[in-house]
Each structure stands twice: as C-alpha cells, then as structure tokens.
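Whatever order the structure lists ligands and atoms in, that order sets their numbers, starting from 1.
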Amino acid sequence: MAEQRLQKVLAAAGIDSRRNCEELIVSGVVRVNRKVVDELPAFVDPDTDVITVHGKRIGAARKVYFLLNKPKGVICTNSDPQGRKKAIDLIRTPERIFCVGRLDVDTTGIILLSNDSELANKLTHPRYGLAKTYVVEVKGQITGEQIEKLKKGIWLAEGKTGRASAKILKRGHKESLIEVTIRQGLNRQVRRMLAKVGLPVKSLKRTRIGKLTSRGLGAGKFRTLTGGEITYLEKIAAGQPARK
Ligand code: URA
C-alpha cells in the first residue's frame with residue numbers, strides 16, 4: 001500500500017479524530033517501527049510499518065456507527081476541561097468514537113457518532129450537502145419576510161450562508177416555531193442566522209440528518225445504524241447527490 005499520513009492511519013484505526021491524532025503524534029506517544037515520531041508531516045505504510053500508540057500496536061478497528069438523541073447540557077467534544085457530560089459517555093461501546101459534526105451544548109436532537117473518520121470528514125464537508133433539519137422555538141412573532149430572508153441566505157462573518165428551507169410550524173405573539181433545513185455546518189449557524197433576522201432562539205432541536213430521524217429515540221438514547229443507513233451515508237460521501 002502507498003504511504004499515508006500517520007494521523008490518517010491512526011484515525012482510520014479508530015484511535016481518535018485526525019485532528020486529535022495529530023496532537024497525539026506531537027505529544028510523543030506514537031512510535032513507528034519502534035522509533036518515536038513526534039513531528040508532522042509523517043508518512044507510513046500501514047501494511048508494513050509497526051505503529052504503536054502508548055506502546056499498544058494499532059490494528060484496523062471495527063467501524064461502528066451510532067445515532068444519539070443528544071439531551072441539553074451534553075457536549076460533543078471528546079475532552080472538556082470543565083468536566084461536562086460528553087455525548088460519547090452516553091454510548092456503550094469499546095471503540096474510540098467521536099461526534100460527526102457538532103451540536104451546541106444547549107441544542108438537543110440527533111447526532112451521528114462513529115470511529116470512521118474518513119466518512120465523518122466527508123459527511124461534515126459542505127461539498128457533500130447533507131441536509132440537516134432543525135425545529136426552532138424563537139421569541140416573538142415570525143413574519144413571511146423573515147422566512148424569505150432565511151431561505152435566500154444570510155450574511156455571517158464567514159460569508160453568505162447557502163440557500164435554506166424554512167417554514168413556519170406555529171406563529172404566536174410571544175413565540176413562534178419554525179423548521180429550518182441547512183446543508184452547511186458553520187459554528188452555531190442556525191442561532192446566528194435567526195439572530196440576524198431579529199429572532200432570538202429559545203430552543204433548538206435537530207430532527208433530521210438526511211433521511212435519518214429521531215423517530216423512536218428518547219432524549220439520551222442511542223441506536224446503531226442499520227446496514228442500509230450506513231450504505232446511504234457512504235453513497236453521500238462518495239459524491240452521489242444527497243436527495244434529502
Ligand atoms: N446551529 C446552531 O446554531 N447550533 C447547533 O447546535 C446546530 C446548528
């Protein structure tokens with residue numbers, strides 16, 4: 001097999017995300033053919049090189065895929081100096097998994113977790129356009145004009161957001177409920193888009209990722225993806241247009 005970046009090989013073996021594997025490498029706990037490799041870039045041949053992390057040889061990890069209904073107050077990163085509850089703690093599995101993308105600590109709803117960093121990188125890249133749907137409770141009465149603005153795209157610090165779907169589910173004087181579908185994943189994107197049209201978010205819940213839904217999953221519960229669902233995500237990652 002051709003030489004590959006060391007962090008990519010570690011991530012593919014389920015050690016951690018590529019980014020975190022880079023940190024592991026520079027921290028000096030990774031050896032290739034008995035020699036510490038703590039500088040990047042580093043290239044290895046996973047078929048012939050003996051790679052260890054903390055002295056343990058890596059192998060090809062079984063790929064696992066979960067869908068979690070994240071409750072409020074749970075974070076999506078694998079380490080937290082504040083010691084808050086982590087999404088990975090809610091899933092019982094021996095594999096080293098991580099969140100595919102991110103939900104804010106206050107956002108509830110579905111999130112994928114896996115140890116498949118190749119698939120995760122692709123699914124979170126805007127090029128693949130995986131649709132994510134949110135039900136948002138906002139303060140105040142929403143207008144048709146605000147909905148149109150959301151659909152056309154909103155100027156944020158990173159540039160204009162892509163076209164979105166938005167519809168009113170309930171319009172009240174004090175609060176309204178809307179459904180928003182986006183295909184990007186900028187940091188706090190939905191909250192910032194709504195703030196820009198003058199609607200502070202009271203609660204935010206992700207209800208769909210492509211065709212995956214929260215149906216049957218109570219808050220804090222998870223399930224493994226079916227073979228059909230994994231194939232569906234792999235097709236999206238392979239560049240086949242995401243229909244949902
Ligand atoms: N948009 C947000 O603002 N927050 C999330 O958690 C997800 C999307």
J.: Indicate yes or no: does an N/O atom of Y134 lie under 3.5 Å from an N/O atom of ligand 1?
T.: no
J.: What residue and heavy atom of the protein are closest to atom 4 (N) of ligand 1, and at what distance?
T.: D104 OD2, 2.7 Å
J.: Is it true that R191 and D104 make a salt bridge, defined as a side-chain N closer than 4.0 Å to a carboxylate O?
T.: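 Salt bridge flag = yes for D104 with R191.
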J.: Is any NZ, NE, NH1 or NH2 atom of the basic residue among R5 and E22 found under 4.0 Å from an Asp or Glu carboxylate oxygen of the other?
T.: no
J.: Tell me which one of R191, M193, R192 gets a heavy atom nearest to atom 3 (O) of ligand 1.
T.: R191
J.: Does the ring of Y134 carry K205 above it, NZ/CZ under 6.0 angstrom from centre and within 45° of its axis?
T.: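 The answer is no; the distance or angle limit is not met.
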J.: Before signing off on this row, confirm whether R188 and ligand 1 have an N or O atom pair separated by under 3.5 Å.
T.: yes
J.: Show your working on side chain to side chain donor-acceptor pair (under 3.5 Å) between T93 and E95 and close with a plain yes or no.
T.: CA-CA 5 Å; T93 183; E95 280 78 22; 2.6 Å; yes
J.: Give the atom numbers and elements of ligand 1 that come within less than 4.0 Å of a heavy atom of T107.
T.: 4 (N), 5 (C), 6 (O)
J.: Do you know which of N115, I230, T224, L233 makes side-chain contact (heavy atoms from CB on, under 4.5 Å) with Y65?
T.: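 Option passing the side-chain contact (heavy atoms from CB on, under 4.5 Å) with Y65: I230.
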J.: Is there a polar contact between ligand 1 and V190, counting only N or O atoms under 3.5 Å apart?
T.: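 Right, the criterion is met.
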J.: Heavy-atom pairs closer than 4.0 Å: do any link ligand 1 to the side chain of L204, the backbone, both, or neither?
T.: side chain
J.: Stepwise, does the side chain to side chain donor-acceptor pair (under 3.5 Å) test hold for T181 with T133?
T.: CA-CA 4 Å; T181 301; T133 300; 2.9 Å; yes
